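Just so it is clear, the structure is predicted and the values come from calculations on it, not from any experiment.
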Amino acid sequence: MITRLFSLHDAIFAWVETKFSGVVLPTLARFTFAATLLIYFWNSALTKIGDGFFGFLSLSNGAYFQIFPKAIEAAGYDTSALTPFHTLVALAGTWGEFILPALVVFGLFTRLASIGMIGFIAIQSLTDLYGHGGIEHEGTLGAWFDRLSDSLILDQRLFWVTILVVLIVKGAGPLSIDRIIGRR
C-alpha cells in the first residue's frame, strides 16, 4: 500500500516537473521579479540621473551619494573632486539599474542579465553595509535561521538572488524574447 502511494506521488510529480518546470517556473520567476523589483530598481536609478530628456547621460549628485558615500564625504561633497573612475562606475551602475531589470523582465539575454543582477545586488549590499554604515545597525544585516524574516540584506536579498538563480538555470521560459530569437 505505501509503495503504491509513493509510486503515485512520484508519477504525479515527475509529470508536473516535466510539463511545467520549463514553462511555469521561469515565467513565474520573471513575473515575480517584475512585480516586486523592477520599479524598485528603476526608481533607484531615477534618483541618480540628471534633469531633462538626456538626463541619463549625466549623473545627479544623488548617484555619488548613494554609490560612493565615503568618497563623496571625503571630497567635501564636491562631485567635481571625484575621479573619472567614480563617474564611470556611477554611470555604469545607474545604467545597469535600468537595463538589467528590463532585460530580465522582457526575457532578453536573461541568463546574462540575471548574473549581472546578482553582481549588482552583491555590490549594492556591500555598499549598504559598509558605505552607508548599515553593518552598525543590528536589523540591517539580519541573520538566517532566526525567528525574523525581515532583515534588509540577508533575508530579502536571498529571495532576490534565488529568483535570479532560477532564471540562470532555467532560462527565460516560453514567453520571452530569448525564446523567439532561439527559434530562428
Side-chain angles (χ1 to χ4, degrees), residues 29-144 148-168 172 176-177:
R30 286 184 31 244
F31 174 79
T32 302
F33 182 89
T36 60
L37 294 173
L38 175 67
I39 302 303
Y40 167 82
F41 282 112
W42 280 4
N43 279 338
S44 175
L46 286 171
T47 67
K48 296 177 180 98
I49 61 173
D51 294 328
F53 182 74
F54 291 104
F56 66 93
L57 296 175
S58 64
L59 296 169
S60 71
N61 289 343
Y64 299 103
F65 297 157
Q66 291 177 53
I67 297 171
F68 293 110
K70 293 191 179 202
I72 194 71
E73 183 180 3
Y77 298 100
D78 178 12
T79 57
S80 65
L82 296 176
T83 67
F85 169 78
H86 291 100
T87 301
L88 286 174
V89 170
L91 200 54
T94 300
W95 288 353
E97 268 188 305
F98 283 118
I99 295 168
L100 292 173
L103 291 174
V104 169
V105 170
F106 290 117
L108 178 61
F109 307 117
T110 307
R111 288 183 162 116
L112 291 174
S114 296
I115 291 168
M117 283 302 309
I118 289 172
F120 188 94
I121 291 166
I123 292 168
Q124 173 189 17
S125 298
L126 290 170
T127 301
D128 288 345
L129 289 171
Y130 297 103
H132 293 288
I135 196 76
E136 298 162 10
H137 302 98
E138 185 179 328
T140 302
L141 177 62
W144 289 332
L148 303 172
S149 62
D150 62 350
S151 71
L152 179 63
I153 305 298
L154 289 179
D155 292 335
Q156 289 182 17
R157 297 192 183 164
L158 176 62
F159 283 109
W160 299 2
V161 169
T162 301
I163 289 168
L164 294 164
V165 168
V166 167
L167 294 172
I168 292 168
S176 66
I177 297 173

side-chain hydrogen bond (donor to acceptor under 3.5 Å, both in side chains) pairs, two or more places apart, involving [range]:
range: residues 128-140; value: Asp128-Arg157
range: residues 99-114; value: Thr110-Asp178
range: residues 90-99; value: Ser44-Glu97, Lys48-Glu97

Interatomic distance, [X] atom [atom1] to [Y] atom [atom2] [nearest 0.5 angstrom]:
X: Leu100; Y: Phe33; atom1: CG; atom2: CZ; answer: 8.0 Å
X: Met117; Y: Leu103; atom1: CE; atom2: CG; answer: 10.5 Å
X: Leu126; Y: Ile121; atom1: CG; atom2: CD1; answer: 12.0 Å
X: Thr83; Y: Leu88; atom1: OG1; atom2: CG; answer: 8.5 Å
X: Ile49; Y: Leu91; atom1: CD1; atom2: CG; answer: 11.0 Å

For [X] versus [Y], what's the shortest heavy-atom pair and its separation?
X: Ala172; Y: Gly107; value: CB-CA, 3.9 Å
X: Leu154; Y: Gly142; value: CD1-O, 3.3 Å
X: Phe65; Y: Tyr77; value: CE2-CD2, 3.7 Å
X: Leu82; Y: Ala71; value: CD2-O, 3.8 Å
X: Leu59; Y: Ala90; value: CD1-CB, 3.5 Å

- Set of ring-ring contact (aromatic ring centres under 6.0 Å, His included) partners for Phe120, sequence neighbours left out: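 Expected list: Phe41.
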- Phe106 atom CZ: more than 12 heavy-atom contacts under 6.0 Å: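 No, because the 6.0 Å sphere around CZ of Phe106 holds 12 heavy atoms or fewer from other groups.
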side-chain hydrogen bond (donor to acceptor under 3.5 Å, both in side chains) against [X], all qualifying residues, sequence neighbours excluded:
X: Ser176; answer: none
X: Gln124; answer: Tyr40
X: Thr87; answer: Tyr64
X: Ser151; answer: Asp155

Quick check: do [X] and [Y] have side-chain heavy atoms less than 4.5 Å from each other?
X: Thr162; Y: Val165; result: no
X: Val104; Y: Leu37; result: no
X: Thr127; Y: Pro69; result: yes
X: Phe98; Y: Leu46; result: yes

- Quick one: salt bridge (Lys or Arg N to Asp or Glu O under 4.0 Å) pairs with a partner in residues 49-68, sequence neighbours left out?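 Every pair satisfying salt bridge (Lys or Arg N to Asp or Glu O under 4.0 Å) with a residue in residues 49-68: there are none.
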- Message: I need the full list of salt bridge (Lys or Arg N to Asp or Glu O under 4.0 Å) pairs touching residues 73-91, with sequence neighbours left out, sorted by first then second residue.
- Response: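 Output for this query is empty, none listed.
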- With sequence neighbours left out, what residues match Gln156 under side chain to side chain contact (heavy atoms under 4.5 Å, CB included)?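 Counting only residues at least two positions away or on another chain, Gln156 forms a side chain to side chain contact (heavy atoms under 4.5 Å, CB included) with Leu152, Trp160.
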- Item | Which residues share a side chain to side chain contact (heavy atoms under 4.5 Å, CB included) with Thr36, sequence neighbours left out |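 Once residues adjacent in sequence are excluded, the partners of Thr36 under the side chain to side chain contact (heavy atoms under 4.5 Å, CB included) criterion are Thr32.
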